[in-house]
Amino acid sequence: MNVEPHVREGEVDSLRRTFDVDEHYIVECQEKARILSEDPRRCIVLPHMHEAEWDFVELAMESLSQDYPDLFHLARNGRYWHWINRPLDIDQHFVFGDADTLPHGPFAFMARQMQGDFTLQDQRENDLWMDGGMVTSQADWSLKFDLGMSFRQWHAPVPKAGEMGIFDRALRFLLMLQHGRPVRRLNWTMTINPRLDTSPENFTIWGKDRATVTNENAQDLVHLRVELQTLFRLPRSNAILFCVRCYLLPLREIALVPKWRIRLHRVLRDLDPALSAYKGLDLYRAQAVSYLSQFDHGETLTCGIGPE
């Protein structure tokens, strides 16, 4: 699973905060609001997840106000809370646990103010069930389709991992996830153009871009998409919060770092065909490999993402 403890340390700043807030914060929150206005069902929380919604509010508000005190502020007097989000100009008094005191449901109210996607997994019957979420920047999967599915059901399209027993081990691990000990992992795929929302609902908008890549424009159109995925056990509901924060970088900028351009070339060149097809890379992988190959002269690379 490539999992490690989600502690406040790492080689980049995004690993040193519970939730990363960067220079794209306002633009990405505005984009999220636009998508939700066009398709409100990008946010769905089943009724039995009400307690998990408030768990998420508490975790998010506490973390953001502690990590970014110049941007966010939380004051509590028993159940009477006061939340200030300075970048988005939000000043909200509410009663914790009373959804009627917020302009949106508690999960939606908070997830709108955060970069990335969030899902809520209910634990029952020795399994995890995707019973809520706000998903507006996903890599070709749909919350509306996966809602209510079990862990193995929503992972079923991934090739090879099921046969290798990875999902069985992952589920056992997550069922034992403890409150106060979150974990994180990195996932990756590729996207054409700097577009966060590559959802099935909007495939007619972005799908055709994959056929526009040539050897001449690959360096600008092809983007590496890295997902920082974090998982938290929530205290009252015992649900699991799954967060997916997406970062995009074009090949041209990846090529500025020798280790990155060489490693990406080798990964794409040697990628299993089944994984290439699953990630939707087949229409432009050859062009990306061709561009990156000019930088790879067989050097030995050290581990990690830091410079040589």
Side-chain angles (χ1 to χ4, degrees), residues 19-47 49-50 52-53 56-57 60-61 64 83 85-92 94 99-121 130-149 154 157 187 189-213 221-223 225-229 241-250 279-280 283:
F19 301 103
D20 186 32
V21 174
D22 62 17
E23 68 274 19
H24 306 292
Y25 175 75
I26 294 177
V27 171
E28 290 187 15
C29 287
Q30 290 173 339
E31 175 69 359
K32 179 178 288 191
R34 181 193 65 79
I35 293 170
L36 289 167
S37 68
E38 295 178 356
D39 186 359
R41 288 180 59 80
R42 296 288 195 98
C43 179
I44 311 174
V45 182
L46 298 182
M49 301 300 287
H50 178 75
E53 294 191 64
F56 170 62
V57 169
M61 289 186 176
L64 291 175
W83 170 248
N85 178 329
R86 296 184 180 92
L88 298 183
D89 196 25
I90 294 173
D91 190 324
Q92 182 71 44
F94 65 98
D100 292 336
T101 59
L102 289 173
H104 303 282
F107 179 83
F109 174 75
M110 201 63 232
R112 284 172 172 264
Q113 300 178 56
M114 303 175 71
Q115 293 168 273
D117 294 332
F118 304 89
T119 66
L120 295 170
Q121 279 65 237
M130 188 180 295
D131 287 346
M134 178 181 287
V135 181
T136 61
S137 59
Q138 68 269 43
D140 202 11
W141 66 277
S142 171
L143 173 67
K144 286 177 279 189
F145 184 80
D146 289 353
L147 190 73
M149 286 188 179
W154 80 69
N187 187 36
T189 184
M190 306 195 83
T191 299
I192 305 306
N193 295 316
R195 185 189 298 276
L196 290 175
D197 179 21
T198 53
S199 60
E201 290 88 346
N202 284 341
F203 180 79
T204 55
I205 297 175
W206 60 267
K208 58 182 179 293
D209 293 346
R210 298 183 298 176
T212 64
V213 180
L221 295 190
V222 180
H223 288 64
R225 174 188 172 110
V226 174
E227 296 176 350
L228 172 58
Q229 301 178 350
L241 172 69
F242 177 55
C243 315
V244 183
R245 177 65 200 283
C246 173
Y247 304 86
L248 298 172
L249 203 63
K279 291 178 181 288
L283 286 176

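Rounding to the nearest 0.5 angstrom, the gap separating the CG atom in D117 from the SG atom in C246 is 8.5 Å. Residue Q138 holds its CD atom at 11.5 Å from OG1 of T119, rounded to the nearest 0.5 Å. From I192, atom CD1 reaches atom CG of D209 across 7.5 Å, with rounding to the nearest 0.5 Å. Here CZ of R112 is found 4.5 Å from CG of L36. Values are rounded to the nearest 0.5 Å. Summarising the geometry, atom CG belonging to L249 is positioned 12.0 Å from atom OG1 belonging to T191; distances are rounded to the nearest 0.5 Å. Here the CD1-CG distance, from I44 to L120, works out to 12.5 Å after rounding to the nearest 0.5 Å.
Nearest heavy-atom pair, H223 versus L221, reported as atom, atom and distance to 0.1 Å: ND1-O, 2.9 Å. Pairing each heavy atom of F118 with each of A111, the nearest pair is CD1-CB, 4.1 Å. For T189 against A139, the heavy-atom pair with the smallest separation is CG2-CB, 4.1 Å. Between N85 and L88 the shortest heavy-atom distance is OD1-N, 3.0 Å. What you find for E53 and G105 is that their closest heavy atoms are OE1-C, 4.1 Å.
You'll find the side chain of P200 stays beyond 4.5 Å of the side chain of F145, heavy atoms only. The shortest side-chain heavy-atom distance between Y247 and D22 falls under the 4.5 Å cut-off. F109 is listed as a side-chain neighbour of Q92, based on a closest heavy-atom distance under 4.5 Å. In this structure, the side chains of W141 and W154 stay at 4.5 Å or more apart for every pair of heavy atoms. Side chains of D131 and V45 form no contact here, defined as non-hydrogen atoms less than 4.5 Å apart.
Shown here are the side-chain contact (heavy atoms from CB on, under 4.5 Å) partners of A60, two or more places apart in sequence or in another chain: F56, M110, M114. Listed by chain and number, the residues in a side-chain hydrogen bond (donor to acceptor under 3.5 Å, both in side chains) with D89 amount to none (sequence neighbours excluded). Residues satisfying the side-chain hydrogen bond (donor to acceptor under 3.5 Å, both in side chains) test with T101, not counting sequence neighbours, are none.
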Stepwise side-chain contact (heavy atoms from CB on, under 4.5 Å) check, F107 with M49: CA-CA 10 Å; F107 179 83; M49 301 300 287; over 6 Å; no
Verdict with reasoning, E31 to T136, per side-chain contact (heavy atoms from CB on, under 4.5 Å): CA-CA 9 Å; E31 175 69 359; T136 61; over 6 Å; no
Tell me, with the steps shown, if Q115 and R245 meet side-chain contact (heavy atoms from CB on, under 4.5 Å). CA-CA 7 Å; Q115 293 168 273; R245 177 65 200 283; 2.9 Å; yes
Determine, step by step, whether Q121 and M130 satisfy the side-chain contact (heavy atoms from CB on, under 4.5 Å) criterion, reporting the C-alpha distance in whole Å, the side-chain angles of both residues, the deciding distance to 0.1 Å, and the verdict. CA-CA 5 Å; Q121 279 65 237; M130 188 180 295; 3.7 Å; yes
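A salt bridge does not link E201 to R41: none of the charged side-chain nitrogens sits closer than 4.0 Å to a carboxylate oxygen. Note on R34 versus E38: salt bridge recorded, some NZ/NE/NH1/NH2 to OD/OE distance being below 4.0 Å.
Of the residues R42, R225, K32, the one that meets the salt bridge (Lys or Arg N to Asp or Glu O under 4.0 Å) test with D197 is R42.
In this structure, Y25 contributes its side chain and Q113 its backbone to a donor-acceptor pair below 3.5 Å.
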